[in-house]
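Heads up, the thing below is written out as structure tokens.
Residue numbers begin at 1 in each chain, while the letters A, B, ... track the order of the sequences.
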Amino acid sequence: MSKLQPVRGTHDLLPEESRRHRHIVETGLAVSGRYGFGEIETPIFEFTEVFKRTLGEASDVVSKEMYTFTDRGGEELTLRPEGTASVCRALISGGQTQNLPAKFFYQGPMFRYERPQKGRMRQFHQIGIELLGAGEPQADIEVITCGADILDAIGVLGRTTLEINTLGDTESRQAYRAALVDYFGAHADALSEDSRRRLALNPLRILDSKDDGDRRLVDGAPSFDDYLNAASKDFFTAVTEGLDRLGVRFHRNPRLVRGLDYYCHTAFEFVTDALGAQGTVLAGGRYDGLVETMGGPAIPGVGWAAGIERLSLLAEGVAEPSRPIALIPVGPGGEAAALTLAHRLRRAGYSVEHGYSGNVGKRLKRAAKVGARAALILGDDELARGAVQLRDLDAGAQEEAPLDRIEESLARFR
RNA sequence: GCGGGUGUAGCUCAGUUGGUUAGAGCGCCAGAUUGUGGCUCUGGAGGCCGUGGGUUCGAUCCCCAUCACUCGCCCCA
């Protein structure tokens with residue numbers, strides 16, 4: 001910490017970037033609101049146990065990716081690495097389990113102690129939705145469609161592909177996992193070092209290995225579809241048929257998997273090739289075992305999360321800030337008039353820039369730079385007869401206008 | 001956590017086969033224009049050449065370390 005600098009993997013959001021983020025959040029809130037989701041705000045830290053229980057002690061996430069600390073009271077706390085666990089905790093601790101289904105939208109900062117890359121920060125921001133208490137495929141359809149609608153509203157849907165897969169129910173998944181362990185175990189010599197480790201920890205993950213040798217083995221691996229029982233097949237068919245009926249385009253990716261046991265049935269990701277290795281833009285799935293794993297009742301859930309930074313890199317149609325009216329006083333009388341006029345116009349709803357110093361030329365220059373649409377030049381001569389100079393900064397035209405009815409003259413620059 | 005690349009002005013980047021005062025464009029400030037922006041012209045400010053150590057008569061340049069950024073891997077709840 002020799003120099004004054006932000007902590008690694010964190011960054012400041014200056015007004016322009018902040019506006020892009022806000023646009024994404026507000027679009028997500030508005031669109032999800034039409035689906036019946038209401039915003040929930042949970043604390044940005046929880047007892048470490050909240051996240052540990054949902055992840056399993058041995059996982060990489062717990063061992064190296066959580067921001068964990070002990071507070072002055074000796075409590076083990078963790079900055080939230082994701083939103084789902086917090087929302088489920090809120091559902092349980094807030095007694096909302098009697099009021100189902102529950103539909104939440106959330107947004108805000110998340111924290112993961114990772115090596116930063118493009119679109120991957122240690123403090124980053126997500127939007128997400130969770131639909132709890134509905135175990136029907138209609139819920140999956142609604143959640144996925146809501147995600148697609150939000151992506152569409154911010155102009156990124158066209159540059160993404162929806163990949164979707166099923167993990168089946170517990171019975172199907174365990175049967176498939178056993179088959180994979182048999183298959184890859186028989187070819188362990190040919191697996192990459194990473195995948196030999198996955199074989200013991202998380203065999204499903206071998207399916208999306210990036211190693212060429214692994215991929216050749218994966219091509220010959222057992223197919224999940226052969227291990228899905230009838231109930232799992234029916235569920236997945238209902239989801240995909242629903243998406244078809246709504247015109248939501250998707251691509252079946254049999255390699256798309258989730259590692260943890262409480263995931264089941266639908267897994268999906270909207271991916272893009274425009275962001276290097278961080279191609280996942282919005283991802284989610286069904287997690288029927290999670291709430292129970294955390295110590296609550298058996299409540300099914302489905303949801304997704306999306307990284308705002310990544311969305312911001314792709315988003316289009318972010319509104320420019322409103323163009324201000326610039327006030328340019330000349331002389332002491334002008335200064336006094338500008339002070340009160342700025343206040344009056346702001347209360348009337350105008351965005352007003354009040355240059356703080358300099359002569360007329362300098363202030364006009366600054367007005368042009370901040371994008372002012374018009375300037376009011378307040379000179380003693382004009383003020384003496386109750387008037388100001390109104391300058392159209394785009395057209396370069398200028399006219400004298402009465403001060404007491406200046407709102408009428410400014411209306412066309414609003 | 002592992003591997004590759006890069007750190008020179010506010011920004012984008014040149015440059016020095018190791019040698020006196022390190023450059024450009026853009027931006028910024030001032031003047032031409034004492035009450036009128038954009039265009040133009042003139043001038044100016046702004047650099048521990050990321051940081052620390054080493055080699056050398058001499059290091060922005062070579063070596064080592066460190067920090068940061070960046071790309072990929074692991075991981076991605």
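The existence of a salt bridge linking A/R252 and A/E163 is excluded, since no basic side-chain nitrogen approaches an acidic carboxylate oxygen closer than 4.0 Å. A salt bridge is absent between A/R20 and A/E316: the closest approach of a Lys/Arg side-chain nitrogen to an acidic carboxylate oxygen does not fall below 4.0 angstrom.
As judged by a 4.0 angstrom heavy-atom cut-off over every strand, A/G9 is placed among residues touching the sugar-phosphate backbone only. Residue A/Y262 is classed as a sugar-phosphate contact, given heavy-atom separations below 4.0 Å to backbone atoms only. A/G396 comes within 4.0 angstrom of a base, heavy atoms only. Contact annotation for A/D381: base contact, defined as any heavy-atom pair under 4.0 Å involving a base atom.
Shown here is A/R22, whose CZ atom has no more than 12 heavy atoms of other residues, nucleotides or ligands within 6.0 Å. By the 6.0 Å contact criterion, OH on A/Y262 is enclosed, its count of non-hydrogen atoms from other residues, nucleotides or ligands being greater than 12. Within a 6.0 Å radius of NE2 in A/H343, other residues, nucleotides and ligands contribute 12 heavy atoms or fewer. By the 6.0 Å contact criterion, CG on A/D71 is enclosed, its count of non-hydrogen atoms from other residues, nucleotides or ligands being greater than 12.
Across every non-hydrogen atom of A/D380 and A/P332, the tightest pair is OD2-CD, 4.2 Å. The two residues A/A401 and A/I406 have their closest heavy-atom pair at CB-CD1, 3.9 Å.
The cationic group of A/R112 does not satisfy the cation-pi geometry with A/Y67, failing either the under 6.0 Å distance to the six-membered ring centre or the 45° limit from the ring axis.
Listed by first residue number, the stems of RNA chain B with at least three Watson-Crick or G-U pairs below 3.5 Å are B:1-7 with B:67-73, B:10-13 with B:23-26, B:28-32 with B:40-44, B:50-54 with B:62-66.
For the P atoms, the distance linking B/U12 with B/U70 amounts to 12 Å, nearest Å. As rounded to the nearest Å, B/A45 and B/G37 have C1' atoms that lie 23 Å from one another. Distance check on atom P: B/A77 versus B/C69 gives 24 Å, rounded to whole Å. Comparing the same atom, C1', in B/C76 and in B/G4 gives a spacing of 22 Å after rounding to whole Å. Separating the C1' atom of B/G18 from that of B/C13 is a span of 23 Å, rounded to the nearest Å. Taking the P atoms as reference points, B/G35 lies 44 Å from B/C49, given to the whole Å. As rounded to the nearest Å, B/G15 and B/G50 have P atoms that lie 15 Å from one another. The same atom, C1', is picked in B/U56 and in B/U60; the two are 15 Å apart, to the nearest Å.
The side chain of A/D194 lies closest to B/C74, out of B/A77, B/G3, B/C74. Here the nucleotide nearest the side chain of A/R115, chosen from B/A77, B/G1, B/G37, is B/G1. Proximity note for A/N202 (side chain, C-beta onward) versus B/C76, B/C73, B/G37: the nearest is B/C76. Counting only heavy atoms from C-beta on, A/Q117 has its side chain closest to B/C71 among B/G38, B/C71, B/A68.
Here B/A77 presents its P atom at 10 Å from CG of A/D208, a figure rounded to the nearest Å. Look at CE on A/M121: it is 15 Å from C1' on B/C76, rounded to the nearest Å. One can place CD of A/Q126 at 15 Å from P of B/C76, the figure rounded to the nearest angstrom. Between the CZ atom of A/F51 and the C1' atom of B/C76 there is a distance of 15 Å, given to the nearest Å. Rounded to an integer number of Å, the gap from CD of A/E193 to P of B/C2 is 14 Å. One can place CD of A/E114 at 13 Å from P of B/C73, the figure rounded to the nearest angstrom. In this structure, the CD1 atom of A/I328 is 16 Å from the P atom of B/U34, given to the nearest Å. Protein atom CZ of A/R323 is 13 Å distant from nucleotide atom C1' of B/G37, rounded to whole Å.
Residues A/D394 and A/Y113 both approach RNA chain B. Their nearest nucleotides, taken by heavy-atom distance, put A/Y113 toward the 5′ side. Heavy-atom nearest nucleotides on RNA chain B were determined for A/Y263 and for A/V7, and the one closer to the 5' end corresponds to A/V7.
No hydrogens or angles considered: a donor-acceptor pair under 3.5 Å links the side chains of A/T70 and A/E76.
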Nucleotide N/O of nucleotides 9-11 of chain B paired with protein N/O under 3.5 Å:
none

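At a cut-off of 3.5 angstrom, counting only N and O atoms as typed in the model, there is no donor on one side facing an acceptor on the other between the side-chain of A/R258 and the base of B/A77. For A/E382 against B/G35, a side-chain N or O and a base N or O form a donor-acceptor pair under 3.5 Å. Side-chain to base pairing of A/Q389 with B/U36: no donor and acceptor N or O lie closer than 3.5 Å to each other. A donor-acceptor contact under 3.5 Å links the side chain of A/R120 to the base of B/C76.
The side chain of A/R205 places no N or O atom within less than 4.0 Å of a non-bridging phosphate oxygen (OP1 or OP2) of B/C74. In terms of phosphate contacts, A/R366 brings no side-chain nitrogen or oxygen within less than 4.0 Å of OP1 or OP2 of B/C29. Taking side-chain N and O atoms only, A/R198 has a distance below 4.0 Å to OP1 or OP2 of B/C74. Not one side-chain nitrogen or oxygen of A/K210 sits closer than 4.0 Å to the OP1 or OP2 atom of B/G72. Between A/R363 and the phosphate of B/G37, there is no side-chain N or O to OP1/OP2 separation shorter than 4.0 Å. Listed pair A/K369 / B/C28 meets the phosphate criterion, a side-chain N or O lying under 4.0 Å from OP1 or OP2. At the phosphate of B/G35, neither OP1 nor OP2 sits under 4.0 Å from any side-chain N or O atom of A/R391.
Just one of A/L131, A/V143, A/T84 meets the side chain to side chain contact (heavy atoms under 4.5 Å, CB included) condition when paired with A/W304; it is A/V143.
Residues A/Y176 and A/F224 bring their aromatic ring centres within 6.0 Å.
Sorted by first and then second residue, the pairs that involve residues 389-402 of chain A and meet salt bridge (charged side-chain N to carboxylate O under 4.0 Å, His left out), not counting sequence neighbours, are A/R323-A/D394, A/R373-A/D392, A/R373-A/D394, A/R385-A/E400, A/E399-A/R412.
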